[in-house]
There are 2 protein chains.
Amino acid sequence: MIFTVAEENYIKAVYHLQQEQETVSTNALSAELQTRPASVTDMLKKLKSKRIISYEPYHGVKLSNEGRKVALGIVRKHRLWEYFLVDKLQFGWDEVHEVAEELEHISSTKLVDKLDAFLGYPKFDPHGDPIPDSKGRLAAQQQEPLAAIPLNKTVEITAVGSQSSELLELLKHKGLQMGTRLEVKKIFDFDGSLELKSKNQQIVTISRDLASVLFVKPV
Amino acid sequence: MIFTVAEENYIKAVYHLQQEQETVSTNALSAELQTRPASVTDMLKKLKSKRIISYEPYHGVKLSNEGRKVALGIVRKHRLWEYFLVDKLQFGWDEVHEVAEELEHISSTKLVDKLDAFLGYPKFDPHGDPIPDSKGRLAAQQQEPLAAIPLNKTVEITAVGSQSSELLELLKHKGLQMGTRLEVKKIFDFDGSLELKSKNQQIVTISRDLASVLFVKPV
DNA sequence: TTTATTTTTTAGGTTTGTCTAAAAATAAAT
DNA sequence: ATTTATTTTTAGACAAACCTAAAAAATAAA
Ligand SMILES: [Mn+2]
Ligand SMILES: [Mn+2]
Ligand SMILES: [Mn+2]
Ligand SMILES: [Mn+2]
């Protein structure tokens, strides 16, 4: 089956929101896609008629098996292109999302598979998110939220939980990026803020909010 | 200014048809874009109002200076992506056109310029057509139509005058491609057909129609 | 368990890009 | 110089994807 760019963006949005909530609300999609709820309802009817989602009025939406396959295909393209942009074209990891948002809609599967081979079948994108393989399989991530790491254990940043430019700006400012090694030195109960020691001995303070979107793995 | 995919396809089509005819007719665009003439008229009005073309009802259309700049930008992207597909992803030169037709509409200029650098600033695409540089300048092609070449002079194929799959299939069958070296051994007045000797001593017969879309340069 | 608030859907429009059928303009042929 | 044929434009419709405003359903509060 063939999908329009708009349909693909909805399908991907449902997929992402389902990571948080088993069933996805009209308003959540409206917020994610910057589209009025009435427009979301229209599209949900259309996607239901194409059997991409299950949807009962007023009771939210889930991807069908077919829908999940389609979503993984789009996510695969998005993340492969991000990897390409960073690894081959020297983009910063904080400036690839917008472009990948367009590139993910190029339809040729031959292109995707050849790109995958050209890149050496990478398992994770520049933000640490897993890249589905050509059969839609995701590599298991043995990463944990930074909040769950004991003090003084050396870990490495492997993923961030959002692509917002505000977040990426903050990380850049703090000198944190994919692969940065650090230890949690202290957690303050008052506001949940953390003090980290990064590899080059620098002390960095981060908020609870920031810590909650950082994922790490032991080194 | 920002353009839709449909607008960009029209702008590029006008550009290409202007290589043949100073002024482009509604029907020519209709044929090129596989769209009914009435739809073409609608779009021409729109592009005129955006000052991309000059257009007087019933008297055809030309690109404005602005329009030419836009067209060269699209052609640049199209040909750079074709080069990428063949040179980096191992596509055949006869299977890249469709994909490039989509990729040419990705908007980021940063992407195009970084891609250009990554590819080593190529001057010609896999079909031998010149790639506009970031300022829209085209490399001069010192190539001539095969029909204009004297007998027994060794030349090399540098371009084909069409991307039709029928043409590309025929060339593949005859063992002719970009860079193939050959000499014209004979021209038959009866039907305008040519006998060529290719580098590996093989004799190949081609029609006047085929010869007219092959471009070569002396080696 | 009513009442109030929030969420979602329906109803009715708009823009973009396409179409068919018919009319008008231009070009070609007698 | 008419008539005929071709090309192009106009008129009116349609599907996709969005919108606002109002109605209806679900949820939360009193
Ligand atoms: Mn997208
Ligand atoms: Mn990513
Ligand atoms: Mn195109
Ligand atoms: Mn080409």
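Below, chain A is the first sequence line, B the second, and so on; all start at residue 1. The model shown is predicted, which means the values in this text are computed figures rather than measured ones.
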Looking only at C/dT18, C/dT10, C/dT8, the nucleotide nearest the B/M43 side chain is C/dT18
Nucleotide C/dT9, atom C1' - distance to NZ of A/K45 in whole Å: 7 Å
Need one value for A/T41: base, sugar-phosphate or nothing, where a base atom within 4.0 Å counts as base even if backbone is also close, heavy atoms only. base
Which nucleotide in the list C/dT9, D/dA11, D/dT20 gets nearest to the side chain of B/A38? D/dA11
Quick one: which of D/dA11, D/dT8, D/dT20 gets closest to the side chain of B/Y58? D/dT8
Could you tell me whether A/K50 and A/E66 have a side-chain N and a carboxylate O separated by less than 4.0 Å? no
Please tell me which of the listed nucleotides, C/dT9, D/dC18, C/dT10, lies nearest to the side chain of A/T26? C/dT9
From CD of B/E7 across to P of C/dT18 the rounded distance in Å is 10 Å
OH of A/Y121 to CG of A/D133: how many Å apart, nearest 0.5 Å? 10.5 Å
Identify whether any heavy atom of B/S39 sits under 4.0 Å from a base atom; if not, whether one sits that close to sugar-phosphate; answer base, sugar-phosphate or nothing. base
D/dA26 C1' sits how many Å from A/N27 CG, rounded? 13 Å
Just name whichever nucleotide pairs with D/dA30, Watson-Crick or G-U, keeping both distances under 3.5 Å, else none. C/dT1
Answer yes or no: is there a side-chain heavy-atom contact under 4.5 Å between A/D116 and A/Y83? no
Which nucleotide, if any, forms a Watson-Crick or G-U wobble pair with D/dT2, using both distances under 3.5 Å? C/dA29
Between CD of B/Q21 and P of D/dT7 the distance, given in whole Å, is 13 Å
Are any of the side-chain nitrogens in A/D94 or A/K172 under 4.0 Å away from the carboxylate oxygens of its partner? yes
From CG of A/D42 over to P of C/dA11, roughly how many Å is that when rounded to an integer? 11 Å
Are OP1 or OP2 of D/dA16 and a side-chain N or O of A/Y10 less than 4.0 angstrom apart? no
Want to settle it: does A/P37 or A/H59 sit nearer the 5' end of DNA chain D, counting the closest nucleotide to each? A/P37
Are the charged groups of A/K48 and A/E56 less than 4.0 angstrom apart, N to O? yes
